[in-house]
Structures are given as structure tokens and as C-alpha cells.
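Have a look at the structure below, then the notes.
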Amino acid sequence: HNMYKEFRDVTINGAVSQMYSEMAGRHRAHPNTIQIINTATLKAAECKREHILEMHDSKLKYPVIRKMPLVSKKLRTTFTAKRPTTFAR
């Protein structure tokens, strides 16, 4: 079967490894049964898939996660009353 796939990655090698992982997970395809015909870097206007197009929004924002300082061993507890907040408001 032929398929057209789009992946977002910094390198083509990273996108190919994502493709192998997705094909193994969703379609139970072994890497030796997959034949890659073509790879290309696409411009934003050339993308077709919805999960790729939603990343093209210039107003897209992600939460800022900050590291929590490590509590000393004598003050640590197994259970706490509330969860720590790891995002800045």
C-alpha cells in the first residue's frame, strides 16, 4: 500500500524515525517491510495534513514550565496536601 505522511522535525532523519515508530505502532509494520520512496522538506503552504497545519498558527503558545527546587531530605514527605504548580502565571 502507498501512503503519504507528514512529520514535523528538525531533521529529515528525525522525521524518518518518527515515521518508523508510527508505522510500527499504528500499522504493526516492521522496518524491513517499509520502503521510503521520497523525502522532502515542505514549506508551510505545501502542507496538507491537519495535525501539521494547526502548528502553523503564529499565535500558538505553550505553557512555561519551570523547574521546582529540590527539597532537602529531612523536609521531604511521601504524601503532600496539594500538587506542586509547575507553571508560571
Side-chain angles (χ1 to χ4, degrees):
H1 302 333
N2 293 333
M3 290 187 176
Y4 172 81
K5 296 272 186 192
E6 289 180 5
F7 295 97
R8 286 179 58 89
D9 206 296
V10 180
T11 62
I12 290 183
N13 288 340
V16 169
S17 68
Q18 281 185 39
M19 188 266 312
Y20 278 125
S21 296
E22 181 183 326
M23 294 299 289
R26 289 190 183 187
H27 305 285
R28 301 291 186 254
H30 295 282
N32 58 353
T33 62
I34 298 172
Q35 296 178 354
I36 299 173
I37 296 170
N38 187 16
T39 59
T41 304
L42 299 178
K43 295 180 180 131
E46 297 173 340
C47 293
K48 299 175 185 174
R49 302 292 187 237
E50 186 63 33
H51 68 279
I52 301 295
L53 291 174
E54 66 187 12
M55 296 294 170
H56 293 171
D57 186 13
S58 61
K59 297 176 184 169
L60 189 65
K61 292 185 178 181
Y62 294 100
V64 177
I65 298 174
R66 58 185 169 88
K67 283 192 159 189
M68 298 296 295
L70 196 62
V71 180
S72 65
K73 192 74 169 172
K74 66 179 183 177
L75 297 176
R76 244 182 252 174
T77 59
T78 305
F79 303 103
T80 57
K82 67 181 186 89
R83 293 174 182 258
T85 55
T86 59
F87 60 91
R89 292 178 194 222

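Here E22 pairs with K5, R26 under the salt bridge (charged side-chain N to carboxylate O under 4.0 Å, His left out) rule; sequence neighbours left out. For K43, the side-chain contact (heavy atoms from CB on, under 4.5 Å) criterion is met by E46, not counting sequence neighbours. Every residue was checked against the side-chain hydrogen bond (donor to acceptor under 3.5 Å, both in side chains) condition with Y62, not counting sequence neighbours, and none meets it. Not counting sequence neighbours, the partners of T33 by the side-chain contact (heavy atoms from CB on, under 4.5 Å) test are A29, H30.
Here V71 sits in one hydrophobic cluster together with L75; the rule is ILVMFWY side chains under 4.5 Å apart, joined directly or through other members. Residue F7 shares its hydrophobic cluster (ILVMFWY side chains chained together at separations under 4.5 Å) with M3, I12, V16, M19, Y20, M23, I34, I36.
Within 6.0 Å of CG on N2 lie no more than 12 heavy atoms contributed by other residues, nucleotides or ligands.
One distance of note links CG of L42 with CD1 of I52; it measures 9.0 Å at 0.5 Å rounding.
Here the closest heavy-atom approach between residue R49 and residue Y4 is recorded as NH2-O, 2.8 Å.
For residues 50-61, no residue pair satisfies the side-chain hydrogen bond (donor to acceptor under 3.5 Å, both in side chains) rule, not counting sequence neighbours.
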